[in-house]
Amino acid sequence: MSYISAHSMLKPIAAAREQDELKPIISERTVRRFFGLVFGFAAIGLWLVPSADETADVVLLKSGFTAILCFCAIIALLPRLKD
């Protein structure tokens, strides 16, 4: 045995240090909450913005957009299920 291999066999192998995973600055939960609130405020804002023409088709469009935005807000604000 050579000198290097004899001495390297005597020293215990140091356990590899577990490196922390890179954690994102903003979590997915925070992003989902942010977009949920944005969708919710956008749905409310559609009805607060004054419009000069309140015809039936404008009200129908506002109702449709409100329904879609409310659905997106609910989906974004619901807790995510882990399998």
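The first residue of the sequence shown is numbered 1, and numbering continues consecutively from there. Not measured: the values here are computed from a predicted model. Below, each value reflects all heavy atoms present in this structure, side chains not excepted, and no hydrogens, waters or symmetry copies.
With a 6.0 Å radius and a threshold of 12 heavy atoms from other residues, nucleotides or ligands, Ile26 has its CD1 atom at or below the threshold.
The list of salt bridge (charged side-chain N to carboxylate O under 4.0 Å, His left out) pairs with a residue in residues 56-69, not counting sequence neighbours, reads Glu54-Lys62.
Ala73 and Gly36 get closest at one heavy-atom pair: CB-O, 3.5 Å. Taking every heavy atom of both residues into account, Leu69 and Phe39 meet most closely at O-CB, 3.6 Å. Closest non-hydrogen pair, Trp47 versus Thr66, comes out as NE1-OG1, 2.8 Å. The two residues Leu46 and Phe65 come nearest to each other via the heavy atoms CD1-CB, 3.5 Å.
For Arg80, the side-chain hydrogen bond (donor to acceptor under 3.5 Å, both in side chains) partners are Glu28, not counting sequence neighbours. The side-chain hydrogen bond (donor to acceptor under 3.5 Å, both in side chains) check on Ser63 picks up nothing, with sequence neighbours excluded.
The CZ atom of Arg32 sits 8.5 Å away from atom CD1 of Ile75, with the distance rounded to the nearest 0.5 Å.
Connection of Val31 to Val38 is established within a shared hydrophobic cluster, with ILVMFWY side chains joined at heavy-atom distances below 4.5 Å, either directly or through further cluster members. A continuous path of Ile, Leu, Val, Met, Phe, Trp and Tyr side chains, each step under 4.5 Å between heavy atoms, connects Phe35 with Ile25, placing both in one hydrophobic cluster.
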